[in-house]
Amino acid sequence: MNTNDMPKVELHLHFEGAAPPAFIRGLAREKNIDISGIFTEDGGYAYRDFWHFLEVYEAATSVLQTPMDFHRLTLAVLEESAASGVIYTETFLSPDFCGGRDLGAWKEYLHAIQEAAAIAEKRDGIILRGIITPIRHFGPNKARETALCAAETAGDFITGFGLAGDEKKGKPKDFAYAFDMAREAGLRLTCHAGEWGGPESVRDAINDLGVERIGHGVRAIEDLALVDEIAEKGIVLECCPGSNIWLGLYPSWRKHPIAELHRRGVKVTISTDDPPFFHTTMVREHDRLAEAFDWDEAEFRKIHVTAANAAFCDEATRAHILKQLEA
Ligand code: ADE
Ligand code: ZN
């Protein structure tokens, strides 16, 4: 099976985490910033584990200093995604890394990202939408400032609100105020949970934040009553198997719970998380899943229809991507 040309819908992509290392190195050189310590000898990102990954990630963002940097990043990221057959992608955008949560600055960064996204859509046919995402380990107060940026820019492009970062820091309920602000602004909600935290972390995100999707969520498999509840409620899991395997959460593709969750009626979807950090692409995710679980083109199509139906976009955009998936 050639998974290259298969149209794909990606719901879970960290924007800075999708930055090719050569792009970040190039910006560092232009700006005379020494971040050589975050790269391996062969030019990839160097980190020891998830927590060190978060540090390296933040160091990489230190070279992204202007709206124009984000304009260039947008073109680079969408070119990579389109090359993997992605027709629609949602990306986590953090005002923390775009002018330090200052609303005026954030609007300028957002404008630059949207301008570049329009160019990429014309060039490659790929559609981008943004999910504003505070960083959990920066704490609930900063998340409120981020939620204000989200509420003030919610619309056709900024359609969602999420939470990323160190799942072991704080509880979902600490972020309830920020999520309430986002909900009241009409944003749709997702939250990273069940990656480094267990099933209780997933349950708390559902009960305390009222999210309709969960970033990862795979450790729900450790509590089958929770799996049934997720399936019954129709909560969608943004699974990123390559990321989980690279970071050592599961020892192999065959041991990843995505297939078991799918079999138990949970709405699973497929994403890359931070592709260059985890040495993956959407094509690679599909190839490895096909090998591990014998999934064929029809199975992948069903999963992408699930993703399209769970996308945080307007109905005209959804109809457009569903039509492409049917073609
Ligand atoms: N930020 C970037 N990638 C992440 C991940 N996999 N989990 C939590 N926060 C992240
Ligand atoms: Zn993620």
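Annotation: side chain of His111 is not in contact with side chain of Gln114 (no heavy-atom distance under 4.5 Å). In this structure the side chain of Leu13 reaches within 4.5 angstrom of the side chain of Thr272, judged on heavy atoms. Annotation: side chain of Tyr88 is not in contact with side chain of Gln324 (no heavy-atom distance under 4.5 Å). Under the 4.5 Å side-chain criterion, counting only non-hydrogen atoms from C-beta, Phe312 is not in contact with Arg129. Between Val266 and Leu237 there is a side-chain heavy-atom pair separated by less than 4.5 Å. A 4.5 Å side-chain heavy-atom check between Phe50 and Glu195 finds at least one atom pair inside the cut-off. Residues Leu189 and Arg183 form a side-chain contact, since some pair of their non-hydrogen atoms from C-beta on lies under 4.5 Å apart. In this structure, His71 and Ile119 have side chains that are in contact, with non-hydrogen atoms separated by less than 4.5 Å.
Other residues, nucleotides and ligands contribute more than 12 heavy atoms inside 6.0 Å of the NZ atom of Lys31. Atom CD of Glu80 has 12 or fewer heavy atoms from other residues, nucleotides or ligands within 6.0 Å. In this structure, Arg254 places its CZ atom where only 12 or fewer heavy-atom neighbours from other residues, nucleotides or ligands lie under 6.0 Å away. Asp156 CG: 12 or fewer foreign heavy atoms inside a 6.0 Å radius. Summarising the local packing, CG of Asn2 is surrounded by more than 12 heavy atoms from other residues, nucleotides or ligands at distances under 6.0 Å. Heavy atoms from other residues, nucleotides or ligands lying under 6.0 Å from CE of Met1 number more than 12. Remark: His279 NE2 is packed, more than 12 non-hydrogen atoms of other residues, nucleotides or ligands lying under 6.0 Å away.
With hydrogens and angles ignored, the 3.5 Å screen pairs a side-chain donor or acceptor of Asp102 with a backbone N or O of Ala105. Remark: the backbone N or O of Lys255 is paired with a side-chain donor or acceptor of Ser252 at under 3.5 angstrom.
Using a 3.5 Å distance cut-off with no hydrogens or angles, the side chains of Glu299 and His262 do pair a donor with an acceptor. A side-chain donor-acceptor contact under 3.5 Å links Glu58 and His137. In this model, a donor atom of one side chain and an acceptor atom of the other lie less than 3.5 Å apart for Thr317 and Asp314. No side-chain donor-acceptor contact under 3.5 Å links Ser271 and Glu238. Side-chain contact of His216 with Asp273: a donor-acceptor pair under 3.5 Å is present, judged by distance alone.
Taking both residues in full, the closest heavy atoms of Lys8 and Thr3 are given as NZ-O, 2.6 Å, listed atom of the first, atom of the second, then distance. Closest approach of Glu285 and Thr280 over heavy atoms only: OE2-OG1, 2.6 Å. Considering all non-hydrogen atoms of both residues, Asp124 and Ala82 come closest at CB-CB, 3.7 Å. Nearest heavy-atom pair, Leu322 versus Asn309, reported as atom, atom and distance to 0.1 Å: CD1-OD1, 3.7 Å. The two residues Ile126 and Ser81 make their nearest non-hydrogen contact at CD1-CB, 3.6 Å. Closest non-hydrogen pair, Phe23 versus Ala76, comes out as CD1-CB, 4.2 Å.
With respect to Glu260 and Arg263, a salt bridge is recorded, a charged nitrogen being found less than 4.0 Å from a carboxylate O. Salt bridge present: Glu315 and Arg318 bring a charged side-chain N and a carboxylate O closer than 4.0 Å. Ion pairing of Asp166 with Arg136 is absent here, as no side-chain N (NZ or NE/NH1/NH2) approaches a carboxylate O to less than 4.0 Å.
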Residue pair Trp106, Thr153: steps toward the side chain to side chain donor-acceptor pair (under 3.5 Å) verdict: CA-CA 9 Å; Trp106 163 242; Thr153 53; 3.1 Å; yes
Phe15/Phe70 under side chain to side chain contact (heavy atoms under 4.5 Å, CB included): CA gap, chis, key distance, verdict: CA-CA 9 Å; Phe15 211 44; Phe70 271 84; 4.2 Å; yes
Verdict with supporting geometry, Leu93 and Phe157, side chain to side chain contact (heavy atoms under 4.5 Å, CB included): CA-CA 11 Å; Leu93 295 171; Phe157 182 76; 4.2 Å; yes
Worked check of side chain to side chain donor-acceptor pair (under 3.5 Å) between Thr66 and Asp69: CA-CA 5 Å; Thr66 67; Asp69 296 338; 3.3 Å; yes
Working for side chain to side chain contact (heavy atoms under 4.5 Å, CB included), residues Trp295 and Ile258: CA-CA 12 Å; Trp295 286 354; Ile258 187 172; 4.0 Å; yes
Step-by-step side chain to side chain contact (heavy atoms under 4.5 Å, CB included) determination, Glu222 to Arg219: CA-CA 6 Å; Glu222 296 165 28; Arg219 290 193 53 199; 2.7 Å; yes
Full working for ring-ring contact (aromatic ring centres under 6.0 Å, His included) between His192 and Phe92: CA-CA 11 Å; His192 279 66; Phe92 296 117; 5.4 Å; yes
ring-ring contact (aromatic ring centres under 6.0 Å, His included) assessment of Phe278 paired with Phe53: CA-CA 10 Å; Phe278 306 138; Phe53 152 77; 5.1 Å; yes
Stepwise salt bridge (charged side-chain N to carboxylate O under 4.0 Å, His left out) check, Asp223 with Arg203: CA-CA 10 Å; Asp223 177 344; Arg203 194 173 269 118; 2.9 Å; yes
Intermediate values then yes/no, side chain to side chain donor-acceptor pair (under 3.5 Å), Glu167 and Ser201: CA-CA 8 Å; Glu167 195 182 341; Ser201 170; 2.5 Å; yes
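Tyr250 and Leu261 fall within a single hydrophobic cluster, where Ile, Leu, Val, Met, Phe, Trp and Tyr are joined by side-chain heavy atoms under 4.5 Å apart, directly or via other members. In this structure, Met68 is not a member of the same hydrophobic cluster as Ile113, with clusters built from ILVMFWY side-chain heavy atoms closer than 4.5 Å. Hydrophobic clustering, with ILVMFWY side chains joined whenever heavy atoms are under 4.5 angstrom apart, groups Val56 together with Leu247. A continuous path of Ile, Leu, Val, Met, Phe, Trp and Tyr side chains, each step under 4.5 Å between heavy atoms, connects Val211 with Phe161, placing both in one hydrophobic cluster. Grouping the Ile, Leu, Val, Met, Phe, Trp and Tyr side chains by contacts below 4.5 angstrom, directly or via other members, places Val77 apart from Val283.
Between the CD1 atom in Ile135 and the NE2 atom in His14 there is a gap of 8.0 Å [rounded to 0.5 Å]. His12 contributes atom NE2, which lies 7.5 Å from atom OG1 of Thr190 (distance to the nearest 0.5 angstrom). Taken from OG1 in Thr61 to CG in Asp96, the straight-line distance is 9.0 Å, to the nearest 0.5 Å.
Hydrophobic clustering, defined by side-chain heavy atoms of Ile, Leu, Val, Met, Phe, Trp and Tyr closer than 4.5 Å, groups Tyr177 together with Leu148, Met181.
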